Amino acid sequence: MHYWLMKSEPEAFSIDDLQAMPEQTEHWDGVRNYQARNMLRDEMKKGDLVFFYHSNCPQPAIVGIMQVVRGGYPDFTAFDPNSKHFDPHSDPDKPRWMMVDVQFVRTLKRPIPLSELRQYHELAGMQLLRKGNRLSITPLSEEQWAFILSRE
DNA sequence: GCCAACGTTGGC
DNA sequence: GCCAACGTTGGC
């Protein structure tokens with residue numbers, strides 16, 4: 001059982017969009033970073049819990065919880081020339097990019113902003129808070145997960 | 001809109 | 001393999 005945080009720009013795909021999907025489930029496509037790809041492929045398993053984080057918006061914040069309902073499998077948007085995530089170098093016989101399916105669990109009672117997360121020394125080791133961090137998927141320890149929920 | 005940080009590309 | 005140039009991310 002692992003805990004994660006995944007970023008999305010709410011203008012592109014928000015937690016409300018996830019909640020509105022059929023089965024409240026969507027595939028998390030478009031990750032085009034090898035470090036994140038490796039986590040999707042090797043470490044994210046069905047049942048893992050994930051914080052939904054809104055990035056690149058007026059108030060960057062953790063806004064909700066989702067659950068992995070299908071572990072890593074090939075990101076088919078990489079094969080679609082009409083997709084903005086198309087990658088001509090990803091061969092369907094040897095897919096370069098991976099994704100998981102996630103299901104909405106709930107929104108937090110309140111969004112917990114990045115600026116607040118930075119103030120907790122308990123979270124000093126969080127990868128999200130590291131200077132220059134750009135990874136759209138980062139792991140959390142169980143302790144970090146529980147602490148954040150305690151601040152809700 | 002600015003810009004720091006980072007990843008990728010490609011010439012050599 | 002090095003590294004400059006470039007593109008992207010994402011907070012502010």
Side-chain angles (χ1 to χ4, degrees), chain A residues 2-21 26-44 48-68 71-141 143-145 147-152:
Chain A
H2 287 118
Y3 299 91
W4 305 95
L5 179 145
M6 300 208 293
K7 300 178 188 176
S8 179
E9 300 188 13
E11 289 205 12
F13 188 74
S14 71
I15 184 117
D16 294 334
D17 294 329
L18 177 62
Q19 189 171 11
M21 296 300 294
E26 178 61 305
H27 44 264
W28 200 267
D29 61 32
V31 174
R32 297 291 179 267
N33 169 285
Y34 287 102
Q35 237 183 304
R37 186 278 310 270
N38 293 347
M39 290 189 269
L40 288 167
R41 184 188 60 196
D42 304 331
E43 296 177 56
M44 295 191 77
D48 285 0
L49 290 169
V50 185
F51 280 135
F52 196 128
Y53 175 89
H54 281 173
S55 68
N56 203 10
C57 56
Q59 191 188 57
I62 296 173
V63 294
I65 299 172
M66 50 192 171
Q67 186 163 36
V68 177
Y73 65 103
D75 181 342
F76 52 77
T77 65
F79 311 137
D80 177 4
N82 297 316
S83 167
K84 67 174 178 226
H85 301 304
F86 177 58
D87 178 2
H89 298 111
S90 187
D91 178 349
D93 292 328
K94 207 177 171 213
R96 177 177 294 198
W97 304 115
M98 306 292 282
M99 62 186 180
V100 298
D101 288 354
V102 287
Q103 183 170 38
F104 175 85
V105 174
R106 66 178 178 87
T107 53
L108 297 190
K109 293 173 198 147
R110 65 177 182 100
I112 303 180
L114 176 65
S115 56
E116 179 178 336
L117 295 172
R118 288 196 189 284
Q119 289 168 13
Y120 297 124
H121 61 84
E122 290 89 341
L123 301 179
M126 247 182 98
Q127 207 168 330
L128 174 76
L129 306 181
R130 287 224 281 262
K131 185 177 178 182
N133 169 65
R134 288 167 49 189
L135 265 187
S136 64
I137 302 176
T138 50
L140 287 87
S141 69
E143 291 74 19
Q144 290 165 345
W145 176 274
F147 178 79
I148 290 167
L149 284 182
S150 77
R151 302 294 92 194
E152 227 185 322

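Just so it is clear, the model here is predicted, and its values are computed rather than measured. In what follows, every chain begins at residue 1, and chains take the letters A, B, ... in the order their sequences are listed.
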Worksheet item: Using 30° and 60° as the class limits, which term best fits the ring planes of A/Y34 and A/W97: parallel, tilted or perpendicular?
Response: tilted

Item to complete: Provide, to the nearest angstrom, the distance between the CD1 atom belonging to A/I137 and the P atom belonging to C/dT9.
Response: 14 Å

Item to complete: Name the closest nucleotide to the A/Q35 side chain, picking from B/dG7, C/dC12, B/dT8.
Response: B/dG7

Item to complete: Take A/F52 and A/W4, measure what ring pair (Phe, Tyr, Trp, His ring centres under 6.0 Å) needs, and give me the verdict at the end.
Response: CA-CA 9 Å; A/F52 196 128; A/W4 305 95; over 10 Å; no

Item to complete: Rounded to the nearest angstrom, tell me the gap between atom CG in A/L135 and atom P in C/dG10.
Response: 9 Å

Worksheet item: C/dG11 P sits how many Å from A/L128 CG, rounded?
Response: 8 Å

Discussion item. Using whole Å, what does the distance between atom C1' of nucleotide C/dG10 and atom CG of A/N133 come to?
Written reply: 10 Å

Fill in: Which nucleotide in B/dG7, C/dG10, C/dC12 has an atom nearest any side-chain atom of A/L114
C/dC12

Worksheet item: Where do A/L108 and A/I62 land on the side chain to side chain contact (heavy atoms under 4.5 Å, CB included) test, with the steps shown first?
Response: CA-CA 8 Å; A/L108 297 190; A/I62 296 173; 3.7 Å; yes

Worksheet item: If you pin A/K131 and A/N56 to their nearest nucleotides in DNA chain B, which one's is more 5'?
Response: A/N56

Practice prompt. Send over the distance from A/K84 NZ to C/dT8 C1', rounded to a whole Å.
Written response: 14 Å

Discussion item. Quick check on ring-ring contact (aromatic ring centres under 6.0 Å, His included): which of A/F76, A/Y73, A/F13 does A/H27 satisfy it with?
Written reply: A/F76

Response to the item:
To the nearest angstrom, the CZ-C1' distance between A/R130 and C/dG11 comes to 17 Å

Discussion item. I need the NE2-P distance between A/H89 and B/dG10, as an integer number of Å.
Written reply: 8 Å

Worksheet item: Over how many whole Å does the gap from A/H54 atom NE2 to C/dG11 atom C1' extend?
Response: 16 Å

Item to complete: Could you tell me which non-hydrogen atom of A/P139 sits nearest to which non-hydrogen atom of A/M39, and how far apart they are?
Response: CD-SD, 4.0 Å

Worksheet entry | A/K7 side-chain N/O to C/dG10 phosphate OP1/OP2 under 4.0 Å | yes

Fill in: C/dT9 OP1/OP2 closer than 4.0 Å to side-chain N/O of A/Y53
no

Worksheet entry | Proximal nucleotide (of C/dG10, C/dC12, B/dT8) relative to the A/R118 side chain | C/dC12

